[in-house]
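This one's a predicted model, so the numbers in the text were calculated from it and none came from an experiment.
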Amino acid sequence: MVMHHTTSRVGSTGVTSRVLVTALGAAGLIVGAFLNWTRNTQGTHVSWRSVYQDSFAGTNDIVQSIGGASILLGLIAVLGLADASGWLVRLAGAVGIVGSVLFIIQVQRSSEHSMQIGLWFALAGSVLCVLGGLSGSERRPVIIEE
């Protein structure tokens, strides 16, 4: 009797690339939070409300800043490496992309603001997290003969 089972197998190259790409993505999210996002203001001092309001209010509380959210997403991506499926890494990357795009939309709506390097670091880190969550595991059929 021949039985077919589908299993996930991860080779050493897949694990290495997944960890490396995810680590680079998380680093981009975390480092980007401390760089300038708009008008020479660090992401840790820009209110997270700037993703849906064009007021770009400042804050001294890192928990309420867009940089704090970026740091949190980077930490979630690193935590997601514990799961072989990579869904948490992909989720953190996708949320980072959505947040970055919403911020870009608000910057483009404003005539007084411009995009700076911290935003690009966070966006690139988010894309790398999505790619890191996709790489590594592949499903292959395994044939077992009894």
Please say yes or no: joined through hydrophobic side-chain contacts below 4.5 Å, possibly via intermediate residues, are [X] and [Y] part of one cluster?
X      : Y     : result
Trp87  : Leu72 : yes
Val51  : Val95 : no
Val31  : Leu29 : no
Leu134 : Val21 : yes
Leu73  : Val63 : no

Check whether any side-chain N or O of [X] sits under 3.5 Å from a backbone N or O of [Y] as a donor-acceptor pair, and report yes or no.
X     : Y     : answer
Trp37 : His45 : no
Thr41 : Arg39 : yes
Ser47 : Gly58 : no

- Query: With side chains defined as the heavy atoms from C-beta onward, is the minimum distance between Leu75 and Leu79 less than 4.5 Å?
  - Reply: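 A side-chain contact under 4.5 Å is absent here.
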List the atom of [X], the atom of [Y], and the distance in Å for their closest heavy-atom pair.
X     : Y      : value
Phe56 : Ser110 : CE1-CB, 4.0 Å
Val89 : Leu81  : CG2-N, 3.9 Å
Ala26 : Val78  : CB-CG2, 3.5 Å
Thr59 : Ser65  : CG2-CB, 3.8 Å
Ser70 : Ala33  : CB-CB, 4.1 Å

- In Å, rounded to the nearest 0.5 Å, how long is the span from CZ of Arg49 to CD1 of Ile66? 12.5 Å
- Item | Rounded distance [0.5 Å steps], CG in Asn36 versus OG in Ser114 | 9.5 Å
Name every donor-acceptor pair, under 3.5 Å, that has one atom in a side chain of residues 101-109 and the other anywhere in the protein, sequence neighbours excluded.
{"residue": "Gln106", "atom": "OE1", "partner": "Asp54", "partner atom": "N", "Å": "3.4"}
{"residue": "Gln106", "atom": "OE1", "partner": "Arg109", "partner atom": "NH1", "Å": "3.2"}

Scan the side chains in residues 115-133 for donor-acceptor partners under 3.5 Å anywhere in the protein, sequence neighbours excluded, and list what turns up.
{"residue": "Gln116", "atom": "OE1", "partner": "Asn40", "partner atom": "N", "Å": "2.9"}
{"residue": "Gln116", "atom": "NE2", "partner": "Asn40", "partner atom": "OD1", "Å": "2.9"}
{"residue": "Ser126", "atom": "OG", "partner": "Ala122", "partner atom": "O", "Å": "2.9"}

- Query: How would you list, by chain and number, every residue that makes a side-chain hydrogen bond (donor to acceptor under 3.5 Å, both in side chains) with Thr44, sequence neighbours excluded?
  - Reply: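 With neighbours one apart ignored, the set is Gln42.
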- Query: More than 12 foreign heavy atoms under 6.0 Å from CG of Asp61: is that the case here?
  - Reply: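 Atom CG in Asp61 is packed in, count exceeds 12.
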